[in-house]
Amino acid sequence: MSDTSGKKAFGVYVTIFAALLSLAAGIYFQMIHGTYGATQRVCYDLPVVLLLVGGAVVSVLLIAVKRYGLASAAVTACSGCAILFAIHKCYWYISDVFVAIDEKGFDPKFITFTALAVAAFLVGEIAIYARKVKPAKA
């Protein structure tokens, strides 16, 4: 084990977890191709996938070069923007569910993707404020 592994604090591991959640959300959204509901409404938007996967990759690269603060900010900003793009693209599906046009309610695929993306954002927010490096012992 390297000498730097002992200096990392809780925040670095939370950032890595946020990056993994973001990567999982991006891959899942790509796999389901953004189709939800009884009518299989297509809510696919490529920037959502690129932001989620790209944010995870950039975050891991920043951790590799020991820029922990930027890493947590990158994964949080990218997952937050991806959520906003997804909401914009899925507006009609969400309104169909609320108005009861799609009577079955929210599709489990939609709930899974939304939970992964929101979890990535929230864990990234926690990582922003968590300590990244242990204080030096006197």
Side-chain angles (χ1 to χ4, degrees):
M1 203 171 242
S2 68
D3 294 322
T4 59
S5 65
K7 296 179 184 176
K8 293 177 188 162
F10 177 71
V12 175
Y13 302 110
V14 174
T15 304
I16 292 170
F17 184 60
L20 288 174
L21 284 172
S22 181
L23 183 66
I27 291 171
Y28 185 73
F29 190 73
Q30 181 67 31
M31 283 176 39
I32 64 173
H33 204 65
T35 56
Y36 307 122
T39 60
Q40 291 298 304
R41 181 178 293 273
V42 177
C43 299
Y44 182 77
D45 200 13
L46 185 61
V48 174
V49 176
L50 294 178
L51 281 167
L52 289 168
V53 174
V57 170
V58 167
S59 178
V60 169
L61 290 175
L62 286 169
I63 287 173
V65 295
K66 297 179 179 151
R67 303 293 294 181
Y68 306 126
L70 285 175
S72 58
V75 73
T76 304
C78 288
S79 60
C81 289
I83 292 168
L84 294 177
F85 277 116
I87 289 171
H88 180 263
K89 190 67 175 182
C90 295
Y91 170 76
W92 290 111
Y93 170 69
I94 295 169
S95 65
D96 284 351
V97 171
F98 282 133
V99 181
I101 293 172
D102 192 347
E103 296 174 358
K104 293 185 178 182
F106 284 112
D107 192 350
K109 294 186 292 186
F110 177 78
I111 293 171
T112 303
F113 165 71
T114 305
L116 283 171
V118 169
F121 177 73
L122 292 177
V123 171
E125 278 290 324
I126 292 169
I128 286 176
Y129 298 106
R131 182 182 304 272
K132 311 285 188 305
V133 180
K134 290 181 183 176
K137 294 181 181 178

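All values below were derived from every heavy atom in this structure, side-chain atoms included, with hydrogens, water molecules and symmetry-related copies excluded.
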With clusters built from Ile, Leu, Val, Met, Phe, Trp and Tyr whose side-chain heavy atoms come within less than 4.5 Å, directly or transitively, what are the remaining members of the cluster of Ile128, listed by chain and number?
Tyr129

If I take atom OG1 from residue Thr15 and atom CG from residue Leu70, how far apart are they, to the nearest 0.5 angstrom?
11.0 Å

Pairwise side-chain contact, Leu61 with Val65, heavy-atom cut-off 4.5 Å (strictly under)
no

Looking only at heavy atoms, the pair that brings Ala130 and Gly11 closest together is CB-CA, 3.7 Å

In this structure, SG of Cys81 is separated from CG of Leu50 (nearest 0.5 Å) by 13.0 Å

Value rounded to 0.5 Å, distance of CZ in Phe113 from SG in Cys90
7.5 Å

How long is the gap from OG1 on Thr114 to CZ on Phe106, to the nearest 0.5 Å?
8.0 Å

Verify the cluster assignment for Leu62 and Leu51: are they in a single hydrophobic cluster under the rule of side-chain heavy atoms below 4.5 Å apart?
no

ILVMFWY cluster, Leu116 and Val48 together (side-chain gap under 4.5 Å):
yes

Are more than 12 heavy atoms, taken from residues, nucleotides or ligands other than Tyr28, located less than 6.0 Å from that residue's OH atom?
yes

Could you note down all residue pairs passing side-chain hydrogen bond (donor to acceptor under 3.5 Å, both in side chains) where residues 72-83 supplies at least one of them, sequence neighbours left out?
none

If we only count heavy atoms from C-beta on, is the Val53 to Leu23 side-chain gap below 4.5 Å?
yes

Does the Thr112 side chain pair with the main chain of Pro108, one donor and one acceptor, at a distance under 3.5 Å?
yes

Consider only side-chain heavy atoms of I, L, V, M, F, W and Y, link residues closer than 4.5 Å, and tell whether Ile94 and Ile83 are in one cluster.
no

Val14-Val118 co-clustered via ILVMFWY side chain contacts under 4.5 Å:
no

Please verify the inter-ring angle class for Tyr44 with Phe29; under 30° counts as parallel, over 60° as perpendicular, anything in between as tilted.
parallel

Run through the side-chain heavy atoms of Ile, Leu, Val, Met, Phe, Trp and Tyr, join any pair under 4.5 Å, and report what else lands in Trp92's cluster.
Tyr91

Hey, what do you get for CD1 (Ile32) to CZ (Phe110), rounding to the nearest 0.5 Å?
9.5 Å

Please report the closest heavy-atom contact between Ala19 and Ala56, naming both atoms and the distance.
O-CB, 3.2 Å

Find out if a path of hydrophobic residues (ILVMFWY) with successive side-chain heavy-atom gaps under 4.5 Å connects Ile126 to Leu52.
yes

Distance col, row Ile63:CD1 vs Tyr68:OH, nearest 0.5 angstrom, shows 8.0 Å

